[in-house]
Amino acid sequence: MAIDTGLGIVCADLQATGGISQILIREWVTADVITYGASTAHTITNIQSGGDAAWFLYEFKNETPALTIAATKENGSTAFECGLSFMLPKMDSDKFHELQNMIDSCLMAIAVDTNGEAFVLGVSEKYQNEAVNSRNQTFLNLSSFEGGTGAAYTDDNGLTVSLMAKQYELPRVYSGTIAYYTSNNQATTN
C-alpha cells in the first residue's frame, strides 16, 4: 500500500465534538459474517449472524465514555490497542451479572461518537480467520473495571468498565444500518 492522497481539513472537521453517544456490544458467534468495504474506504458494510446481528446497548453516565487508540511499532509490525471505557452508575446485581458474563467472552463493539461515526472494535480484516469468520484473532475483551459506592453522599456510585482490543489495523467505520432499541436494550445491524 502506498500513500495515494493528502488529507484536507474542512470546517465541519473543526466543529467536531468529543464523546460517545451509543455503545453496542455483542459476543462473537459461529454464524457471524463480516463484510468489509473497499480497501480505500476502510469500512465494514455489514455485520450479520444468520440474519441481522443482535447487539446489546449499554447505557452509561453522560460524558464518561471514551474511545482511545494507541499505535506501537515493533519489529516491523504495527499494533493498535483500541480501548473503550464507560461508567455504569449505581452498582447492583444486574450490572454485576452482565460484567461477570463479559469476563471470558470474545466480544466486538460499535462505539458511535457524537459526530455520527460508528467505530467497530474487536473486528479486523487483516488477521481474520479465512476458514471460520467467527474466530477473528483481534476480539475485544474486558480488560478491567473499577468503582465503588464512594464515601460521601455526593460521591459517584458505580463502575467504570474498560474494554480492549489489540488489532493490526485501525478501527473500521460501520457504514451499514443500525436499528436502535429494537427490543428493550437491543439493537441490530444489517
Undergrad: Within a strict 4.5 Å, meaning less than it, do heavy atoms of the F145 and T160 side chains meet?
TA: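 No - every pair of side-chain heavy atoms lies 4.5 Å or more apart.
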Undergrad: Count the heavy atoms of every other residue, nucleotide or ligand shown that sit under 6.0 Å from CG of N184, and state whether that count exceeds 12.
TA: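 No, the 6.0 Å shell around CG holds no more than 12 heavy atoms from other groups.
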Undergrad: What verdict does the side chain to side chain contact (heavy atoms under 4.5 Å, CB included) test give for T43 and R172, after you've listed the backbone C-alpha separation in whole Å, the side-chain angles of each residue and the deciding distance to 0.1 Å?
TA: CA-CA 5 Å; T43 61; R172 290 177 179 258; 5.6 Å; no
Undergrad: Rounded at 0.5 Å granularity, tell me how far OG in S49 sits from CD1 in I34.
TA: 8.5 Å
Undergrad: For the residue pair S175 and T45, establish whether any side-chain heavy-atom pair is separated by less than 4.5 Å.
TA: yes
Undergrad: Using side-chain heavy atoms (C-beta onward) and a distance below 4.5 Å, is V161 in contact with L142?
TA: yes
Undergrad: Side chains of L163 and I25: does their closest heavy-atom pair fall under 4.5 Å?
TA: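 Yes, side chains in contact.
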Undergrad: Do F56 and E98 have side-chain heavy atoms sitting under 4.5 Å apart?
TA: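 Sidechains of E98 and F56: no contact.
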Undergrad: Kindly give the heavy-atom pair with the smallest separation between D113 and S21, and that separation in Å.
TA: O-OG, 3.5 Å
Undergrad: Using atom types as modelled and distance alone, determine if a side-chain donor or acceptor of T182 lies under 3.5 Å from a backbone N or O of A179.
TA: no
Undergrad: What are the two closest non-hydrogen atoms of L107 and M102, and how far apart are they?
TA: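 Closest approach of L107 to M102, heavy atoms only: CD1-CG, 4.2 Å.
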Undergrad: Do the non-hydrogen side-chain atoms of E81 and T72 ever get within less than 4.5 Å of each other?
TA: no
Undergrad: So if you build clusters from Ile, Leu, Val, Met, Phe, Trp, Tyr with side-chain heavy-atom gaps below 4.5 Å, do M108 and I20 land together?
TA: no
Undergrad: Could you give the distance from CD (Q186) to OH (Y180), rounded to the nearest 0.5 Å?
TA: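 Between Q186 CD and Y180 OH, I get 15.0 Å after rounding to 0.5 Å.
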Undergrad: Please table the atom pairs, donor to acceptor, closer than 3.5 Å between any side-chain atom in residues 82-94 and protein atoms at least two apart or in another chain.
TA:
{"unit_1": "D92", "atom_1": "OD1", "unit_2": "D94", "atom_2": "N", "d": "3.2"}
{"unit_1": "D92", "atom_1": "OD1", "unit_2": "K95", "atom_2": "N", "d": "2.9"}
{"unit_1": "D92", "atom_1": "OD2", "unit_2": "K95", "atom_2": "NZ", "d": "3.1"}

Undergrad: Might you work through the side chain to side chain contact (heavy atoms under 4.5 Å, CB included) test for L67 and L121, ending with a clear yes or no?
TA: CA-CA 10 Å; L67 168 62; L121 305 170; 3.6 Å; yes
Undergrad: Taking all non-hydrogen atoms of both residues into account, name the closest pair between I44 and I47 and its distance.
TA: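 The answer is CG2-CG1, 3.7 Å.
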Undergrad: Might you point out which heavy atoms bring A71 and T78 nearest each other, and give the distance in Å?
TA: CB-CG2, 4.4 Å
Undergrad: Set out, in order, the CA-CA distance, both residues' side-chain angles and the distance that settles side chain to side chain contact (heavy atoms under 4.5 Å, CB included) for I178 and Q22, then state yes or no.
TA: CA-CA 11 Å; I178 300 173; Q22 298 285 344; over 6 Å; no
Undergrad: State plainly whether one hydrophobic cluster holds both I103 and M164, where clusters connect Ile, Leu, Val, Met, Phe, Trp and Tyr through side-chain heavy atoms under 4.5 angstrom apart.
TA: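 Cluster IDs for I103 and M164 differ.
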Undergrad: So if I apply the side chain to side chain contact (heavy atoms under 4.5 Å, CB included) rule between W55 and each of I23, T188, L24, which one comes out positive?
TA: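 Among I23, T188, L24, the one meeting side chain to side chain contact (heavy atoms under 4.5 Å, CB included) with W55 is L24.
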Undergrad: Should we say atom CG of D104 is surrounded by more than 12 heavy atoms from elsewhere, each under 6.0 Å from it?
TA: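 Open.
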Undergrad: Supply the atom-to-atom distance I110 CD1 to L57 CG, rounded to the nearest 0.5 angstrom.
TA: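 Rounded to the nearest 0.5 Å, the CD1-CG separation comes to 10.0 Å.
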Undergrad: Closest approach of V123 and W28, non-hydrogen atoms and distance?
TA: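 It is CG2-CZ2, 3.5 Å.
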Undergrad: Distance only, no hydrogens: is a donor on one side chain within 3.5 Å (strictly under) of an acceptor on the other, for N157 and T149?
TA: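 On atom types as modelled, these side chains do not qualify, holding no pair under 3.5 Å.
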Undergrad: Looking at every heavy atom in both T189 and Y174, which two are closest together, and how far apart are they?
TA: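 Smallest heavy-atom distance, with atoms named: CB-OH, 3.4 Å.
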Undergrad: Test your reading of the model: is there a side-chain donor-acceptor pair from N185 to the backbone of Y58, 3.5 Å cut-off?
TA: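 No, the answer is negative, given that no donor and acceptor are paired below the 3.5 Å cut-off.
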Undergrad: Under 4.5 Å between any side-chain heavy atoms of T138 and F80, yes or no?
TA: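 With C-beta onward as the side chain, the pair stays apart.
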Undergrad: With rounding to the nearest 0.5 Å, note down the distance linking OG in S124 to CD in E169.
TA: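 Spacing of OG (S124) from CD (E169) equals 3.5 Å.
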